[in-house]
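Chain identifiers are assigned alphabetically (A, B, ...) following the order of the sequence lines, protein sequences preceding nucleic acid strands; residue numbering begins at 1 within each chain. Below, all heavy atoms of this structure are taken into account, side chains as well, without hydrogens, waters or symmetry copies.
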There are 2 protein chains.
Amino acid sequence: MKNIKPKLIDLFKGGYCTPQIARIASTLKEPSSTIHYNIKKLENEGAIKAYKAVFDYEKINEGFCVYVLVNISPEYYNTPIAEELSKLEEVESAATIAGEWDIILKIRTKNQNEYYDILKKHLLPKGVTKTLTLTTLKDIKTNYVFL
Amino acid sequence: MKNIKPKLIDLFKGGYCTPQIARIASTLKEPSSTIHYNIKKLENEGAIKAYKAVFDYEKINEGFCVYVLVNISPEYYNTPIAEELSKLEEVESAATIAGEWDIILKIRTKNQNEYYDILKKHLLPKGVTKTLTLTTLKDIKTNYVFL
DNA sequence: TTGTCTAACTGAACAAAATTCAAATATCCA
DNA sequence: TGGATATTTGAATTTTGTTCAGTTAGACAA
């Protein structure tokens, strides 16, 4: 057995998909060469970053989902902490925000324990002064896809 | 001019894409029929919800992004408010959460004004008692894709 | 309005990729 | 060990994507 499933999941998280031109053409009742032309234009404008898969995260062992609010110590304001945290594969989304908190992360793991490991290892060292974890009870919609 | 671009964006937000079996096969150095078999298996298990596009949201006029924490009045706890809010096309993600707040939403609009319209129209009526808007300064990663 | 330039659209030929399927191999478990 | 089930694979087939030259539509200045 080649255990291809985890490799597919890895690839599909960030890309390795492509538009279904024929299906779009038939849905919009336009020639496929017209659809092709318009998609290439969108891609060349840089409007499309990736074609990728969205999962049922329970079924790929990432059923535990949290949002984490993070505060950064002032002397780290000019360092790319958010960018560093974004590189963790468990981080689905990351953004810097205005107000009481500095960064918001969305993190998916198998369970609480794995999240706690990440919290200890990656969210407490560096310039992080404070965190607030919002634990997801029910994931309803992610990236415009209903779960 | 047929104005196909917005229609493509609509379709791509939720699907109308498909795996690149040949490219995956060559990346993983496996026969494409093997890759095909394993992908179909993932799909049949329900592990994959959709194949879709991720955008440069500035370039599709959705450059304003917020996270909103929402509180629900107790008499609405048994109603599907989160599900209702999820149906708004501007809502990228929605989840019910544990703790001080009941729901977290991620919303993309063209600008502050359009977000304010949604806040007034959809987030204040119904059973919503309180909201806290966290405005994104810099979107770093969304759905595992770097922006 | 007319003419000119550029962008958008399209059909048809072609190239590439997905899908199917039957046979071979591996895995599971009683 | 044996028999049922799941996975892998190459080759044939079907479907889809891509290219490109010709056409149409839109923008804009005279």
Original post:
Is any side-chain N of the basic residue among B:K110 and B:E62 closer than 4.0 Å to the acidic one's carboxylate O?
Top reply: no
Original post:
So A:Y144 and B:Y57, would you call those rings parallel, tilted or perpendicular, with 30° and 60° as cut-offs?
Top reply: tilted
Subject >> Atom pair distance, as rounded to whole Å: CD1 in A:I39 and C1' in C:dA8 >> reply: 15 Å
**OP:** Shoot me the first and last contacting nucleotide of DNA chain D against chain B, ordered 5' to 3', at under 4.0 angstrom to non-hydrogen atoms.
**Re:** D:dA6 to D:dG26
Original post:
Is it the case that B:Y115 and B:T133 place a side-chain donor and acceptor less than 3.5 Å from each other?
Top reply: yes
Original post:
Is the closest basic N to carboxylate O distance between B:E83 and A:K138 below 4.0 Å?
Top reply: yes
Subject >> Near-strand residues of residues 1-23 of chain A, defined as heavy-atom separation under 4.0 angstrom from DNA chain C >> reply: A:M1
Original post:
Using 30° and 60° as the class limits, which term best fits the ring planes of B:F12 and A:Y51: parallel, tilted or perpendicular?
Top reply: perpendicular
**OP:** Taking only the side-chain nitrogens and oxygens of A:Y37, find out if one of them lies under 4.0 Å from OP1 or OP2 of C:dA8.
**Re:** yes
Original post:
What is the distance from CG of B:N38 to P of C:dT27, rounded to the nearest Å?
Top reply: 14 Å
Subject >> Contact nearer the 5' end of DNA chain D, comparing A:K40 with B:T34 >> reply: B:T34
Original post:
Do we get A:R108 above A:F64's six-membered ring, with its NZ or CZ under 6.0 Å from the centre and within 45° of the axis?
Top reply: no
Original post:
So, is B:H36 close to the C:dA18 phosphate, meaning a side-chain N or O under 4.0 Å from OP1 or OP2?
Top reply: no
**OP:** Check for a donor-acceptor pair, side chain of B:K52 on one end and backbone N or O of B:K13 on the other, with a separation under 3.5 Å.
**Re:** yes
Original post:
Salt bridge between B:K5 and A:E45, side-chain N to carboxylate O under 4.0 Å?
Top reply: yes
